[in-house]
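Everything numeric in this text was worked out from a predicted model, so none of it was measured.
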Protein chains: 2
Amino acid sequence: MEELVALLREKGYKITPQRRAVIAALLESEKFPTAQQVLEIVKKTNPDVSLDTVYRNLGLLIELNIVYEINTQSSAGNVFEIVHIHHEHHHHLVCLVCGKTECIDICPVNQDYIAEVEKRGFEVTGHTFEFYGKCQKCREAKS
Amino acid sequence: MEELVALLREKGYKITPQRRAVIAALLESEKFPTAQQVLEIVKKTNPDVSLDTVYRNLGLLIELNIVYEINTQSSAGNVFEIVHIHHEHHHHLVCLVCGKTECIDICPVNQDYIAEVEKRGFEVTGHTFEFYGKCQKCREAKS
DNA sequence: ATACTATTTACGAATATTACTATCTAGGAG
DNA sequence: CTCCTAGATAGTAATATTCGTAAATAGTAT
């Protein structure tokens, strides 16, 4: 936590209680939370925080590659994962039936890809990669 | 066009004028359109079509891997690309400044990935992959 | 500790996207 | 051609997400 705060401060961003609370919520959440769920956790300690603030802070953290947004293709909304400094960069399997997301410890992006893209004058700052389908549990539960 | 209609019919989906119009709009659009833009094109021939219908049809086409939804991370909304049968499956570079999307003729998903994922009991039906960053034009236009 | 300024916030309003439901229609059966 | 039914549509209402703005505040300089 303090590592992240230091990083933000270093980049010139202000450390507000709301911002700390959003980060804390992401750190303490067991499942990947939606923006709404982040807000609920945040409200336990900071009852007046608005959803807007949650989204704004998530957006900032995403820009800084501190948070990864997982597009769930579900109406319940996207979920967010904080990138722990001691974790490998990775991606996810999203079940379109139950909405659960599992991690997979692989990333397809290597230097060849980056080189290919930058050869075209494009500056890469991030990427998304997700598999969609049906998880084991939902496959077994076929009617 | 008729190929796609035949495919849909084969799978048991009904061919409505609205559905044809959505497909036609995607085929005739030069840029990747947003849902709103698809609706505008559709309305030229079918003025009473609702946005809801556009989204529903796009959703169906996405499920069938006939259309690819590009998450633009922009408030203007996502854009949609119809997968021409004679095109390689590919992905995109999305400029976060101007919102333009360029195609790149590479896809990182190979049999090894699929095998790794299915080993875990997950059935893959699709995937997304996008690079985000800044396009050449926007890099040159730095202030 | 006080004043200053750029960020940040809360709130309300604007879009994007999805869901619900009564009605309608494409495609098949007779 | 007419009837029938599952799937599709239009319209409205519900969420998810973003934006605009005036007021509040973190961090810096005094």
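- Proximity of a side-chain donor or acceptor of A/Thr45 to a complementary backbone N or O of A/Val42 within less than 3.5 Å is detected.
- Contacts with DNA chain D (heavy atom under 4.0 Å) in residues 37-48 of chain B: B/Asp48, listed by number.
- A salt bridge does not link A/Glu63 to A/Lys11: none of the charged side-chain nitrogens sits closer than 4.0 Å to a carboxylate oxygen.
- Not a single donor-acceptor pair under 3.5 Å links the side chain of B/Arg9 to the backbone N or O of B/Lys14.
- B/Leu60 and B/Ile41 fall into different hydrophobic clusters, where Ile, Leu, Val, Met, Phe, Trp and Tyr residues are linked whenever their side-chain heavy atoms come under 4.5 Å apart, directly or through other members.
- Remark: the backbone N or O of A/Gly121 is paired with a side-chain donor or acceptor of B/Arg139 at under 3.5 angstrom.
- Side-chain atoms of B/Asn57 never come within 3.5 Å of backbone atoms of B/Val22 as a donor-acceptor pair (strictly under, hydrogens ignored).
- Counting only distance, with no hydrogens or angles, the side chain of A/Asp52 and the backbone of A/Tyr55 share no donor-acceptor pair below 3.5 Å.
- Checking side-chain atoms of B/Asn78 against main-chain N and O of B/Thr72 turns up a donor-acceptor pair under 3.5 Å.
- Between B/Phe32 and B/His92, the ring center distance clears the sub-6.0 Å criterion.
- Axis deviation across the helix from C/dA1-D/dT30 to C/dG30-D/dC1 amounts to 30°, comparing end segments of five pairs, rounded to 10 degrees.
- Taking the charged nitrogens against the carboxylate oxygens, B/Glu116 and B/Lys119 do have a contact shorter than 4.0 Å, which makes a salt bridge.
- In terms of the side chain to side chain donor-acceptor pair (under 3.5 Å) criterion, residue partners of B/Thr53 (sequence neighbours excluded) are, by chain and number, B/Ser50, B/Arg56.
- Each of B/Gly12 and B/Ser50 was assigned the nucleotide of DNA chain D with the nearest heavy atom; the assignment lying further toward the 5' end belongs to B/Gly12.
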inquiry  = One character per nucleotide, please: for nucleotides 20-30 of chain D, 5' to 3', B when the base has a protein heavy atom closer than 4.0 Å, S when only the sugar-phosphate does, - otherwise.
reply    = B-----BS---
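- For A/Gln73 and A/Val54, each mapped to the nucleotide of DNA chain C holding its nearest heavy atom, the one lying further toward the 5' end belongs to A/Val54.
- Here chain B contacts DNA chain C (any atom closer than 4.0 Å to a heavy atom, that is under 4.0 Å), and the contacts span C/dA16 to C/dG27 from 5' to 3'.
- Between A/Lys31 and A/Glu81, no side-chain nitrogen of the basic residue sits less than 4.0 Å from a carboxylate oxygen of the acidic one, so the salt-bridge criterion is not met.
- Under the 3.5 Å distance criterion, the side-chain polar atoms of A/Thr34 are matched with a main-chain donor or acceptor of A/Gln37.
- Here D/dA8 presents its C1' atom at 14 Å from CD1 of B/Ile23, a figure rounded to the nearest Å.
- Ring pair B/Tyr68/B/His91: centre-to-centre distance below 6.0 Å.
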Might you list the N or O atoms of the protein lying below 3.5 Å from N or O atoms in nucleotides 13-17 of chain D, with each pair's distance?
unit_1 : atom_1 : unit_2  : atom_2 : d
D/dT17 : OP1    : A/Asn78 : N      : 3.3
D/dT17 : OP2    : A/Tyr55 : OH     : 2.2
D/dT17 : O5'    : A/Tyr55 : OH     : 3.1

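- In terms of modelled atom types and a separation under 3.5 Å, the side chain of A/Asn46 and the main chain of A/Asp48 share no donor-acceptor contact.
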